[in-house]
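Counting begins at 1 with the first residue of the sequence. Just the heavy atoms: all of them, side chains too, but no hydrogens, waters or symmetry mates, feed the values below.
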Amino acid sequence: WYPFQTDETSQRRVHTLSRHITTMASDRARDDKDLLIRDVETGDYDKGYLELLAQLTVVGSVSRDAFEARQGELRDNPDYINIVLEDVVQKRVVAAGTCFLEKKFIHACGTCGHIEDIVVDSTVRGRSLGRRIITELKRRAIAAGCYKIILDCSENNEPFYEKLGFTRKE
């Protein structure tokens with residue numbers, strides 16, 4: 001186990017977890033008819049998307065116009081995968097995640113996926129929703145041709161990602 005970098009502001013150790021791309025039966029998520037995984041949409045502004053992200057980090061003041069403009073930029077950029085898990089009964093976003101596809105010269109001009117901003121609403125944690133978000137991001141990254149998928153996380157989140165097949169890398 002080797003540290004990747006230190007977060008100077010909180011003195012948390014942050015690690016890069018890498019996983020060579022393989023699909024596993026354990027990645028299959030529990031089917032839940034009231035939950036829908038989909039791309040972020042402009043309507044998510046009213047479905048609590050920004051409030052959900054605020055459970056992860058500082059969001060700041062984002063107007064509807066700014067949200068819609070940024071969402072359009074990201075939607076039109078094939079190197080960004082932004083997904084949510086919506087509770088369709090409550091019309092509320094309950095989990096989210098992003099994967100950025102980094103184009104490289106190494107690995108025969110390969111692509112590396114960077115998973116970021118994984119968050120599950122505090123009221124619905126413990127229902128494997130984070131697993132569903134990660135599994136979908138990995139599936140899409142593999143479909144985009146990524147030779148590996150990496151992420152940074154705090155030390156206390158390592159067990160969660162290890163259960164999903166990630167390993168710490170120096």
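- Between E41 and V93 there is no side-chain heavy-atom pair separated by less than 4.5 Å.
- The residues K103 and D79 are annotated as salt-bridged, a charged nitrogen and a carboxylate oxygen being separated by less than 4.0 angstrom.
- Rounding to the nearest 0.5 Å gives a distance of 11.5 Å between CG of D152 and CG of N157.
- We find the SG-OH distance between C109 and Y147 to be 11.0 Å, quoted to the nearest 0.5 Å.
- Taken from CD in E73 to CD in E68, the straight-line distance is 12.5 Å, to the nearest 0.5 Å.
- The existence of a salt bridge linking D87 and K47 is excluded, since no basic side-chain nitrogen approaches an acidic carboxylate oxygen closer than 4.0 Å.
- No hydrogens or angles considered: nothing links the side chains of S63 and D65 as a donor-acceptor pair under 3.5 Å.
- For the atom pair SG of C153 and CD of E116, the computed distance is 12.0 Å after rounding to the nearest 0.5 Å.
- Looking only at side-chain heavy atoms (C-beta outward), I81 and L101 come within less than 4.5 Å of each other.
- Side-chain contact between F166 and I150 is absent, with no heavy atoms from C-beta onward closer than 4.5 Å.
- For the side chain to side chain contact (heavy atoms under 4.5 Å, CB included) criterion with L53, the lone passing option out of V58, V62, V59 is V59.
- With a 4.5 Å cut-off on side-chain heavy atoms, R38 and E86 count as touching.
- Residue V84 is not grouped with residue F100 when hydrophobic side chains (ILVMFWY) are merged at heavy-atom distances under 4.5 angstrom, including chains of intermediate members.
- Side-chain contact between C112 and K104 is present, with at least one heavy-atom pair separated by less than 4.5 Å.
- What you find for Y45 and R64 is that their closest heavy atoms are OH-N, 3.4 Å.
- Contact detail for L129 and A95: the closest heavy-atom pair is CB-CB, 4.3 Å.
- Within 6.0 Å of CZ on R70 lie no more than 12 heavy atoms contributed by other residues, nucleotides or ligands.
- Residues R92 and D121 meet the side-chain proximity criterion, which asks for heavy atoms closer than 4.5 Å.
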**Prompt:** Given the rule in the side-chain contact (heavy atoms from CB on, under 4.5 Å) test, do R75 and D39 qualify, once you have shown the distances and angles that lead to the verdict?
**Reply:** CA-CA 8 Å; R75 179 196 60 228; D39 293 334; over 6 Å; no
**Asked** How far apart are the C-alpha atoms of Y161 and I118, what are their side-chain angles, what is the distance that settles it, and do they pass the side-chain contact (heavy atoms from CB on, under 4.5 Å) test?
**Response** CA-CA 11 Å; Y161 291 107; I118 302 301; 3.6 Å; yes
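- G113 and C146 get closest at one heavy-atom pair: N-SG, 3.5 Å.
- With values rounded to the nearest 0.5 angstrom, Q71 atom CD is found 7.5 Å from L74 atom CG.
- To the nearest 0.5 Å, atoms CD1 (I134) and OG (S128) are separated by 12.5 Å.
- Using a 4.5 Å cut-off on side-chain heavy atoms (C-beta onward), I133 and V120 make no contact.
- Residues L137 and L35 fall within the same hydrophobic cluster, defined by Ile, Leu, Val, Met, Phe, Trp and Tyr side chains chained together at heavy-atom separations under 4.5 Å.
- The residues K91 and D46 are annotated as not salt-bridged, no charged nitrogen and carboxylate oxygen being separated by less than 4.0 angstrom.
- Contact of the V40 side chain with the Y49 side chain is registered, since non-hydrogen atoms from C-beta on lie closer than 4.5 Å.
- Cluster annotation: I37 is not connected to Y80 through the hydrophobic network of ILVMFWY side chains, with a link wherever side-chain heavy atoms come within less than 4.5 Å.
- Taking a cutoff of 4.0 Å between a charged side-chain nitrogen and a carboxylate oxygen, R140 and E136 qualify as a salt bridge.
- Contact record, I115 with L151: O-CB, 3.5 Å, taken as the closest heavy-atom pair.
- Two different hydrophobic clusters hold V88 and V94 under the rule that ILVMFWY side chains link at heavy-atom gaps under 4.5 Å.
- In terms of hydrophobic clustering, with Ile, Leu, Val, Met, Phe, Trp and Tyr side chains grouped at heavy-atom distances under 4.5 Å, L56 and L50 are assigned to a common cluster.
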